[in-house]
Amino acid sequence: MVQCKAWILRGLLALLWVLPAWTNTMSERCTALHTVKDQLNLTLRRRYLKQNFPINYTIQVPYEEVFRLHNISKLNKTEENVQVEHLQHLWLIVAKAGIKRILRVLPERHPTRKRYLTQLENLFRLYEQRFGTGISEEDDYPDIINDILERIGNQNFERWRSVTPKSLIDNCYRTMHCLFKECFSTEGDNYDYCDLYHWRKRKGTTPQPT
Ligand SMILES: *[C@@H]1O[C@H](CO)[C@@H](O)[C@H](O)[C@H]1NC(C)=O
Ligand SMILES: *[C@@H]1O[C@H](CO)[C@@H](O)[C@H](O)[C@H]1NC(C)=O
Ligand SMILES: *[C@@H]1O[C@H](CO)[C@@H](O)[C@H](O)[C@H]1NC(C)=O
Ligand SMILES: *[C@@H]1O[C@H](CO)[C@@H](O)[C@H](O)[C@H]1NC(C)=O
């Protein structure tokens, strides 16, 4: 009996030790994501990803590097056990790939490179160093996610499409809100960031994401 109590006590102590660490990491992660969010605000996206480019300028990206809200709902609905952490990882990989695609077409001295994308790329790198992928074992990924990651990693692409630089980063912004809801919803708001309608609606009223 005494021993049992000792175990419970030890368990409690361990819990008290672990809990604050966990909540700290969570809010640190949210802080980092809010920095990313500020860097992705609409003014900056418009200036650096649209106005700094010729009208209707597009770049070629593989289909796998287009990750939209629709992809999230589709992957979430599959029979495979897709967790939000898997999708968060995919989000990060695609975001980094998108920045690289845009950088690739920019001259060395282009203001979007120097004043914007280089910093953005750094933010993502720091984020990844600090928070990793959130999942340790490669095997833990469901096949459907693994297949996508593999195609991206091996540069094994079959189909390409034209997208505007801004639309790539707009998607990054929206899917971030959907996948890290706990960082972006405030008490009492009932936004569903995963719902495209939410973004469409806001587009009509305030000059929010397009
Ligand atoms: C976006 O960020 C820039 C630079 O921090 C700031 O000047 C601008 O007001 C922000 N725009 C919005 C819509 O928050
Ligand atoms: C840009 O695209 C829009 C919509 O597709 C089109 O209406 C417009 O004429 C295009 N502008 C130029 C300069 O090509
Ligand atoms: C997102 O969906 C589109 C269209 O269904 C698909 O081509 C693309 O590969 C998907 N992206 C990812 C990262 O799965
Ligand atoms: C995935 O689906 C579950 C169950 O329908 C839902 O609770 C969850 O919010 C969805 N996740 C995302 C990221 O859409």
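For ligands, and for the atoms within them, numbers begin at 1 and follow the listed sequence. In what follows, residues are counted from 1 in the order of the sequence shown.
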| To the nearest 0.1 Å, how far is atom 13 (C) of ligand 2 from its closest protein heavy atom, and which atom is that? | Ile55 CG2, 3.7 Å
| Are Leu120 and Leu126 in one and the same hydrophobic cluster, where Ile, Leu, Val, Met, Phe, Trp and Tyr link if side-chain heavy atoms are under 4.5 Å apart? | no
| field | His198 and Tyr193 aromatic ring geometry - parallel, tilted or perpendicular at 30°/60° bounds | value | perpendicular
| task | Measure from NZ or CZ of Arg29 to the centre of the six-membered ring of Phe180 and say whether it is under 6.0 Å with the direction within 45° of the ring axis. | result | no
| said: Just to confirm my output: which protein heavy-atom neighbour is closest to atom 10 (C) of ligand 4, and how far is it? | reply: Asn76 ND2, 2.4 Å
| field | Lys74 and ligand 3 - part of the residue with a heavy-atom distance under 4.0 Å | value | side chain
| field | atom 7 (O) of ligand 2 within contact range, any protein heavy atom under 4.0 Å | value | no
| said: Check this for me - ligand 3, Tyr63, N or O atoms closer than 3.5 angstrom, yes or no? | reply: yes
| Pair Val163-Thr58, side-chain contact (heavy atoms from CB on, under 4.5 Å): steps then yes or no | CA-CA 5 Å; Val163 297; Thr58 59; 5.9 Å; no
| query | What are the atoms of ligand 3, with element, lying closer than 4.0 Å to any heavy atom of Ile148? | reply | 13 (C), 14 (O)
| query | Side-chain heavy atoms under 4.5 angstrom apart, residues restricted to Ile, Leu, Val, Met, Phe, Trp, Tyr: same cluster for Ile152 and Tyr63? | reply | no
| Which residue holds the protein heavy atom closest to atom 12 (C) of ligand 2, what is that atom called, and what is the gap in Å? | Asn56 ND2, 3.4 Å
| query | Does the protein put a heavy atom less than 4.0 Å from atom 4 (C) of ligand 4? | reply | no
| request: Scan Arg151, Gln155, Arg159, Glu150 and name whichever one has a side-chain contact (heavy atoms from CB on, under 4.5 Å) with Glu64. | output: Arg151
| task | Evaluate the ring planes of His89 and Tyr141, with Trp represented by its six-membered ring, and classify them as parallel (under 30°), tilted (30 to 60°) or perpendicular (over 60°). | result | tilted
| query | So which protein heavy atom does atom 9 (O) of ligand 4 come closest to, and at what separation? | reply | Lys181 NZ, 3.9 Å
| said: Geometry only, no angles: is Asn71 polar-contacting ligand 3 at N/O separations under 3.5 Å? | reply: yes
| Backbone or side-chain N or O of Val66 under 3.5 Å from ligand 3 N or O | yes
| said: Can you see whether Asn171 engages Arg174 through a side-chain donor-acceptor pair at a distance of less than 3.5 angstrom? | reply: no
